[in-house]
Amino acid sequence: MILFPVKRICRKVQFFYQFMSLSSSSSVVQSLDMSEENNPHFPDYGELRTKMQNLANSGSIGKALQVFHLMRNVSGKPTIYDYNSLINCYLKSKNVSLHDLCGLYFEMKRVELYPNASTFNTFLKGLSLLDESKVALSVTVEMCNYGFTPSFSCLSNLLKKCLDSMELVDALKVFDIMLELNFIPTEPKVILLINSLSRCGMTRKACFVFFKLLEKGEFQSPYVHNPILWSLCKSDQMSCALAFFCSLKKKGLVHNVCSYTALVYGFGKKGLFEEASRCLNIMKADGDCYPNVKTYTTIVKCLCDGGRIKEALRLLGEMEKKGFEPDIVTYNIILRALSHKNMVLEIYELYHTIYEKGLSPDRYTATAFSGLLKRGNIGIAHNLLRDIVLSDSDVDVAVYNVYLHCLFRAREFNESLFMISCMEKDGIKPNNITFNTILKAICEEKTVDKALEFFERVEWPGKRPDVVSFNTILSAACKRGDSIMVQTVLNLMEDEGVKLNVVGFTCLMQYFCNIGNVNDCLKLFEHMICYGPRPSMVTVNTLMVILCKNRELGAAYEVFSSLKSYGLSPDARTYDILIRAAMNERNHFLVTELQRKFTVKE
DNA sequence: ATAGGGTTAG
């Protein structure tokens with residue numbers, strides 16, 4: 001009996017183990033129907049074979065196997081051909097199951113039949129029908145171990161199945177086997193493989209695949225390498241991205257607009273707009289390709305994210321002039337930025353333009369207004385949102401979440417209940433964000449106890465409440481200076497293994513300030529500086545407010561001056577806090593100084 | 001076939 005490959009595969013496929021433990025007592029294998037043996041007319045081999053095939057064809061695999069065993073009474077039978085025929089007929093029946101297929105596989109081992117190539121191919125055909133790519137991979141490996149070569153189409157098919165089920169490690173193994181056999185996967189599959197790997201953070205593996213194929217002189221189209229380039233630019237690996245980009249160029253490969261847009265994205269994300277614009281020039285000069293709406297929109301988005309809304313608006317105007325008509329994506333990005341800056345007039349103007357151009361707002365337009373809610377512009381946000389929610393049938397959970405948030409802020413509780421029922425009716429499943437939004441509303445409108453009650457009652461869509469859920473309640477407890485509740489939430493977090501993050505720390509600083517314990521508040525901040533989590537600008541602003549409240553303007557200014565060393569830069573709120581405090585203390589010199597600094601920054 | 005967009009907590 002050939003043991004080694006079987007052992008290896010058993011380890012890989014747990015199901016096989018399950019079957020092995022079953023098989024000793026299984027009726028399929030052991031309880032042979034002995035009645036035939038007592039029959040004075042013993043059927044000959046041909047009859048047995050036909051009978052076995054008919055039974056297998058109709059899906060009666062147990063009975064077919066019994067007949068198969070009866071063939072042993074004929075010398076030299078059954079052969080592997082009988083066995084292959086058995087599986088083949090079984091696969092033609094309507095009720096093929098993995099369990100039976102594995103059972104057949106082990107039966108082959110048990111009776112020490114030596115499989116041939118067709119045995120494996122038949123199994124693989126069945127496993128492919130069952131979409132069992134993991135088992136199919138094990139069988140493929142075993143097939144190779146036996147010295148048989150799987151066909152190109154078989155491997156190609158398996159690669160596709162692995163990719164469809166996002167089993168990327170398996171897909172890579174199939175790719176390895178293919179390359180070993182000198183089989184080159186087709187271009188669509190290569191693109192899918194590289195794309196999936198890149199998107200899942202397996203960029204190095206994607207590169208490996210790409211360069212392996214390049215060695216063989218295959219796939220020089222930018223569709224193959226762009227996913228890698230994008231992945232590098234998105235994960236802030238610009239030097240790698242550039243090296244990759246240039247090395248391909250040196251090798252004579254061609255880049256297209258999408259390749260250059262990736263670089264523009266990477267630079268823009270870091271605020272390096274000069275470099276980004278240099279990419280645009282290089283693109284025209286030696287790439288012989290031209291930026292398009294997506295390229296410009298990428299820059300618009302980066303400008304918005306960097307708070308440079310005026311420049312973004314200027315670029316928007318330039319796009320229109322140059323004939324790169326902005327689309328709804330471009331407008332949504334700008335609307336979102338305007339909404340975060342509370343630029344209501346500009347929002348209405350842009351909204352009007354969108355309609356004028358015959359574009360229609362979509363789900364992203366709706367969510368773009370969430371900034372208005374944060375800024376307290378509830379009524380305006382409500383009007384804009386209602387329009388879209390009522391007109392657009394294509395709303396999703398994010399739109400509902402923003403709309404719910406808006407209704408809660410507007411204290412429209414009846415309408416919010418109605419919206420929740422609409423959500424159910426539309427078959428849109430609430431997510432953690434939905435529940436956290438509701439949780440916040442309960443905290444604000446009712447007691448923290450009520451929130452905790454909801455917290456424990458609700459069936460969370462993810463596995464558990466997340467760190468935002470905990471912070472929502474923690475924040476409410478901290479705002480009220482409710483020590484017992486703060487302790488309760490901290491205990492709960494520990495039980496659930498959820499670590500305090502920068503938001504939780506900031507809440508606690510607020511708490512110590514509220515109960516008049518500025519000392520512990522400062523200690524908390526120091527702890528963050530020394531051991532993390534790294535303070536954010538919100539943390540620092542909170543600290544500034546606390547210091548200024550306690551008439552420690554000097555200390556606040558010191559923190560302000562050392563912001564750079566923490567890798568932070570002050571925002572509009574920082575200046576506002578300090579300028580107000582300086583005014584209160586009638587420190588006119590500081591007021592002027594701060595105003596000057598703020599203007600230069602803007 | 002590759003590229004640009006959104007929602008919750010401080």
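Order of the sequence lines sets the chain letters (A, B, ...), proteins ahead of strands, with each chain counted from 1.
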Minimum-distance nucleotide (side-chain atoms of A/Trp230 versus B/dG10, B/dT2, B/dA3): B/dA3
Touch class at under 4.0 angstrom, heavy-atom based, for A/Val329 against every strand present: base
Side chain A/Asn256 and base B/dA3 donor-acceptor under 3.5 Å: no
No-H, no-angle donor-acceptor pair, A/Ser536 side chain to B/dG10 base, under 3.5 Å: yes
Residue list, salt bridge (Lys or Arg N to Asp or Glu O under 4.0 Å) with A/Glu444, at least two apart or on another chain: A/Lys440
Check: B/dG6 base within 3.5 Å donor-acceptor of A/Asp396 side chain: yes
Atom-pair distance (CZ on A/Arg573; P on B/dG10), nearest Å: 12 Å
Sugar-phosphate, base or nothing in reach of A/Glu187, heavy atoms under 4.0 Å: base
N/O donor-acceptor pair, side chain A/Asn401 with base B/dG6, under 3.5 angstrom: no
Sugar-phosphate, base or nothing in reach of A/Ile333, heavy atoms under 4.0 Å: sugar-phosphate
DNA chain B-proximal residues of residues 257-275 of chain A, any heavy atom under 4.0 Å: A/Cys258, A/Thr261
Length of the line joining A/Asn226:CG and B/dT2:C1', which is rounded to integer Å: 5 Å
Aromatic stack A/Tyr223/B/dA1: centroid gap under 5.5 Å, interplanar angle under 30°: yes
NZ/NE/NH1/NH2 to OD/OE distance under 4.0 Å, A/Lys450 and A/Glu445: no
Interatomic distance, A/Ile334 CD1 vs B/dG6 C1' [rounded to whole Å]: 15 Å
Distance, rounded to the nearest Å, where A/Leu280 contributes CG and B/dA3 contributes P: 19 Å
Residues which pass salt bridge (Lys or Arg N to Asp or Glu O under 4.0 Å) with A/Lys357, listed by chain and number, not counting sequence neighbours: A/Glu320, A/Glu325
Among B/dT2, B/dA9, B/dT8, the nucleotide that comes nearest once only the side chain of A/Arg199 is considered: B/dT2
Min side-chain heavy-atom separation A/Phe369-A/Ile347 under 4.5 Å: yes
Nearest-Å distance for atom pair CG/C1', residues A/Leu372 and B/dT7: 14 Å
Polar side-chain contact A/Thr539-B/dG10 base: donor and acceptor under 3.5 Å: yes
Contact check, side chains of A/Leu522 and A/Leu543, non-hydrogen atoms, under 4.5 Å: yes
Polar pair under 3.5 Å, donor/acceptor by atom type, side chain A/Thr297, base B/dG4: yes
Residue list, side-chain contact (heavy atoms from CB on, under 4.5 Å) with A/Ala171, at least two apart or on another chain: A/Leu159, A/Cys162, A/Leu163, A/Leu193
Interatomic distance, A/Asn541 CG vs B/dA9 P [rounded to whole Å]: 17 Å
Touch class at under 4.0 angstrom, heavy-atom based, for A/Val300 against every strand present: nothing
Test item: side-chain donor near acceptor, A/Thr488 and A/Asn491, under 3.5 Å: no
Closest to the A/Asn471 side chain, choosing from B/dT7, B/dG6, B/dA9: B/dA9
Rounded distance (Å) that lies between atom P of B/dT7 and atom CG of A/Leu404: 16 Å
Rounded interatomic separation in angstrom, taking CD1 from A/Ile438 and P from B/dA9: 14 Å
Results of side-chain contact (heavy atoms from CB on, under 4.5 Å) for A/Ala206 - residues two or more places apart only: A/Ile194, A/Leu197, A/Ser198, A/Ile228
Touch class at under 4.0 angstrom, heavy-atom based, for A/Asp466 against every strand present: nothing
Short side-chain N/O contact to B/dG4 OP1/OP2 from A/Lys301, under 4.0 Å: no
Contacts of A/Arg464 that satisfy salt bridge (Lys or Arg N to Asp or Glu O under 4.0 Å) - sequence neighbours left out: A/Glu496
A/Lys374 side-chain N/O to B/dT7 phosphate OP1/OP2 under 4.0 Å: no
Side-chain donor/acceptor of A/Thr330 to base of B/dG4, under 3.5 Å: yes
Phosphate OP1/OP2 of B/dG4 contacted by A/Lys234 side-chain N/O (<4.0 Å): yes
Sugar-phosphate only, base, or nothing, as touched by A/Val502 at under 4.0 Å among non-hydrogen atoms: base
Any A/Arg363 side-chain nitrogen or oxygen under 4.0 Å from OP1 or OP2 of B/dG6: no
